[in-house]
Amino acid sequence: MAPLKDIDAALAALVERALARLAERVPAVASRRDTLARLALCSDFAIDTLVRQPELLQTLDAPAQPVPVLDPDSEADWPTRIRRWRTAESTRLVWRDVHGHDDVDATLAGASRIADQALQSGTEALTAQLAARHGVVRDADGAPQSLVVFGLGKLGGGELNFSSDVDLVYAFPEHGQSDGARALDAEAWFTRLGQRLAQLLGDVTAEGFSRRVDLRLRPFGASGRLVLSVNAMKQ
């Protein structure tokens, strides 16, 4: 076992390297040295985020920021916007945890909120995109149908940690067909939506990923259909 003085020296060197990286991007590091040193000891992720998004340092104590609206005319920017928002909000949670502003339950609830909001934003953007291309899926009375996303596991319990997958199961209200010129039946329409939602959040890009998505808890697991109607789900 290494002597305590060697461990202390290694930790001090780690902090100095982290602060030096930040100082290259953020002039105000010296004025917040003590609080940033504590952060550096606890989270490489948070330091990496601040290096990538130095403006975040000025707003770490601010309230949580809303999920970005995904512009339908800028689809190529969606993954970056979602990921940068997720890393910023997660870093805010780490900051609050490290400095004693939140307890464990509040931190887990915050991580779950971030995942919920990313899912909601992605679902809304992708739904609008599919509706523009293939029309809206309607029920027997003509009312629009929406994808139902069940969050299971830690997401369902509001207990996500920073590295948890999100366990999702998809359903749709009832069978039918979209009303666009290039119509799709309901299952095909919602399957495309579910696939693209998982990719939007889970694919690894230069900005990392938003959340790894696990769809294997659906009926019949990986061999089952990705999306089922509510009646089929009940059966």
Side-chain angles (χ1 to χ4, degrees), residues 66-72 75 78-79 81-83 85-86 89 108-204 209-235:
V67 64
V69 176
L70 302 181
D71 185 346
E75 181 184 354
W78 292 0
R81 298 200 68 198
I82 283 285
R83 282 153 181 74
W85 171 81
R86 194 275 301 181
E89 289 304 294
L108 298 178
S112 302
R113 170 189 57 79
I114 291 169
D116 277 336
Q117 290 179 320
L119 282 165
Q120 184 68 38
S121 179
T123 300
E124 290 174 356
L126 290 164
T127 295
Q129 183 187 75
L130 275 169
R133 294 176 181 174
H134 302 286
V136 175
V137 178
R138 300 184 182 279
D139 62 19
D141 296 323
Q145 297 195 57
S146 300
L147 180 70
V148 181
V149 181
F150 295 98
L152 307 182
K154 292 178 180 178
L155 175 59
E159 298 176 338
L160 276 184
N161 58 47
F162 292 113
S163 60
S164 300
D165 297 351
V166 289
D167 297 309
L168 306 181
V169 173
Y170 299 139
F172 61 93
E174 62 184 63
H175 286 282
Q177 193 171 46
S178 65
D179 58 7
R182 293 182 291 168
L184 294 173
D185 68 71
E187 184 174 338
W189 200 99
F190 287 112
T191 295
R192 291 191 186 189
L193 175 54
Q195 289 171 332
R196 292 176 184 175
L197 180 60
Q199 291 166 354
L200 176 60
L201 299 187
D203 282 358
V204 178
F209 57 87
S210 177
R211 278 287 174 178
R212 288 184 296 267
V213 177
D214 190 342
L215 301 172
R216 295 173 297 175
L217 294 185
R218 65 187 185 270
F220 307 107
S223 62
R225 288 177 289 170
L226 188 70
V227 186
L228 293 172
S229 68
V230 170
N231 282 338
M233 187 77 71
K234 290 177 180 178
Q235 292 173 10

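Nothing here was measured: the structure is a model prediction, and the numbers come from that model.
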Give the table of side-chain donor-acceptor pairs shorter than 3.5 Å for residues 156-164, with sequence neighbours excluded, one pair per line with atom names and distance.
residue : atom : partner : partner atom : Å
Asn161  : OD1  : Ser163  : N            : 2.9
Asn161  : OD1  : Ser163  : OG           : 3.3
Asn161  : OD1  : Ser164  : N            : 2.8
Asn161  : OD1  : Ser164  : OG           : 2.7
Asn161  : ND2  : Ser164  : OG           : 3.3
Ser164  : OG   : Asn161  : N            : 3.1

Identify the two heavy atoms, one from [X] and one from [Y], that lie closest to each other, and give their separation to 0.1 Å.
X	Y	result
Phe150	Met233	CE1-CE, 4.5 Å
Ser112	Leu155	O-CD1, 4.0 Å
Trp85	Pro68	CG-CD, 3.4 Å
Ser121	Leu70	OG-CG, 3.6 Å
Val204	Phe209	CG2-CD2, 4.3 Å
Ala131	Trp189	N-CZ2, 3.8 Å

Name of the residue among Val148, Val149, Thr191 meeting side-chain contact (heavy atoms from CB on, under 4.5 Å) with Tyr170:
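Of Val148, Val149, Thr191, side-chain contact (heavy atoms from CB on, under 4.5 Å) with Tyr170 is met by Val149 alone.
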
Distance-only, no hydrogens or angles: does the [X] side chain make a donor-acceptor pair with backbone N or O of [Y] under 3.5 Å?
X	Y	value
Arg83	Pro79	yes
Asp165	Asp167	no
Arg211	Val166	no
Glu174	Ala140	yes

Residues in side chain to side chain contact (heavy atoms under 4.5 Å, CB included) with [X], at least two apart?
X	value
Arg196	Leu126, Gln129, Leu130, Arg133, Arg192, Gln199
Arg218	Val169, Leu215, Leu226
Pro173	Gln145

For the [atom1] atom of [X] and the [atom2] atom of [Y], what is their distance to the nearest 0.5 Å?
X	Y	atom1	atom2	result
Ser210	Asp203	OG	CG	11.0 Å
Ser146	Glu124	OG	CD	9.5 Å
Leu168	Leu217	CG	CG	9.0 Å
Arg86	Ile82	CZ	CD1	11.0 Å

Which residues pass the ring pair (Phe, Tyr, Trp, His ring centres under 6.0 Å) test with Phe190, sequence neighbours left out?
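Checked Phe190 against ring pair (Phe, Tyr, Trp, His ring centres under 6.0 Å); matches are Phe172.
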
Ignoring hydrogens and angles, write down the donor-acceptor pairs under 3.5 Å from the side chains of residues 177-187, residues two or more places apart or on other chains.
residue : atom : partner : partner atom : Å
Ser178  : OG   : His134  : O            : 2.6
Ser178  : OG   : Leu184  : N            : 2.8
Ser178  : OG   : Leu184  : O            : 3.4
Asp179  : OD1  : Val136  : N            : 2.7
Asp179  : OD2  : Arg138  : NE           : 2.7
Asp179  : OD2  : Arg138  : NH2          : 3.4
Asp185  : OD1  : Glu187  : N            : 3.0
Asp185  : OD1  : Ala188  : N            : 3.0
Glu187  : OE1  : Arg225  : NH1          : 3.2

Can you confirm whether Arg212 is buried at CZ, in the sense that more than 12 heavy atoms of other residues, nucleotides or ligands lie under 6.0 Å from that atom?
yes

